[in-house]
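Just so you know, residue 1 is the first one in the sequence shown, and it goes up from there.
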Amino acid sequence: MGTEGTRRRNRNRRLRKKEQKLSKINHIFTESRNIFITGALIIIVTFLIGKVEIENICLYNKGVEAKAYVYKIRSLKTGSRSVYEFKVANERYIGEDLNAKLGDSIQVVYLPLKPKINRNAEVLDQDWCIWLYRKIIE
């Protein structure tokens, strides 16, 4: 009887140790997965926000101003957007703004090598990233 009870206790200890190891491995896997998902989300959000802010800094440094005219208002579920147009070397380019009204003329800033990248100069001037960039380079 004594040896069988000892064997049972030893087997139970081994099973508990295996369960503890599996529990630790499962915990590590879950933590690793959570870290990976969080990191991936941070990278995606940074890219999406960063792309616009990098464009804004390029516009601030190398942008050229032009006069644009609001020719259409686009209705969206979240409000409306003003669509403006401007010309560079007899080519027509368009952009969107939130604040302008139909028929308004506004100043826009565009990249000479890629005029499709453009912003309302007033909005660009109020961008938080441009503000921070100015503070850093001053």
Nearest heavy atoms of Asn118 and Ile94, plus distance in Å: ND2-O, 3.3 Å
Single-linkage hydrophobic cluster Ile130~Val123, side-chain heavy atoms < 4.5 angstrom: no
Salt bridge Glu91-Lys87, side-chain N to carboxylate O under 4.0 Å: no
OG1-CG distance between Thr6 and Asn10, expressed to the nearest 0.5 angstrom: 6.5 Å
Atom pair CZ (Arg16) and CZ (Arg9), whose distance is rounded to the nearest 0.5 Å: 10.5 Å
Which atom of Ile106 lies closest to which atom of Asn120, heavy atoms considered: CD1-ND2, 4.0 Å
Polar side-chain atom of Asp104 near backbone of Lys101 as donor-acceptor pair, under 3.5 Å: yes
Asp97 vs Arg81 side-chain heavy atoms within contact, under 4.5 Å: no
Only pairs under 3.5 Å count here: list side-chain donor-acceptor contacts from residues 62-74, not counting sequence neighbours, and write none if there are none.
residue: Glu65; atom: OE1; partner: Gln107; partner atom: NE2; Å: 2.9
residue: Tyr71; atom: OH; partner: Arg92; partner atom: NH2; Å: 3.1
residue: Arg74; atom: NE; partner: Glu96; partner atom: OE2; Å: 3.0
residue: Arg74; atom: NH2; partner: Glu96; partner atom: OE1; Å: 3.2
residue: Arg74; atom: NH2; partner: Glu96; partner atom: OE2; Å: 2.9

Separation between CD1 of Ile117 and CD of Glu55, rounded to the nearest 0.5 Å: 4.0 Å
Gap between atom CD of Glu122 and atom CG of Asp127 - 0.5 Å precision: 13.5 Å
Stepwise side-chain contact (heavy atoms from CB on, under 4.5 Å) test for Gln126 and Trp131: CA-CA 7 Å; Gln126 296 169 1; Trp131 175 86; over 6 Å; no
Short N-O contact, Arg119 and Asp125, less than 4.0 angstrom: no
Reported CD-to-CG distance for the pair Glu19 and Asn12, which is rounded to 0.5 angstrom: 9.5 Å
Donor-acceptor contact present, side-chain Ser82 to main-chain Ala100, <3.5 Å: yes
Pairs flagged by salt bridge (charged side-chain N to carboxylate O under 4.0 Å, His left out) wherever residues 23-33 is involved - sequence neighbours left out: none
hydrophobic_cluster_shared for Ile43 and Ile35, side chain cutoff 4.5 Å: no
Where Pro115 and Phe86 come nearest, the two heavy atoms and their spacing: O-CZ, 3.6 Å
Closest non-hydrogen atom pair between Leu59 and Leu124, with its separation: CB-CD2, 3.8 Å
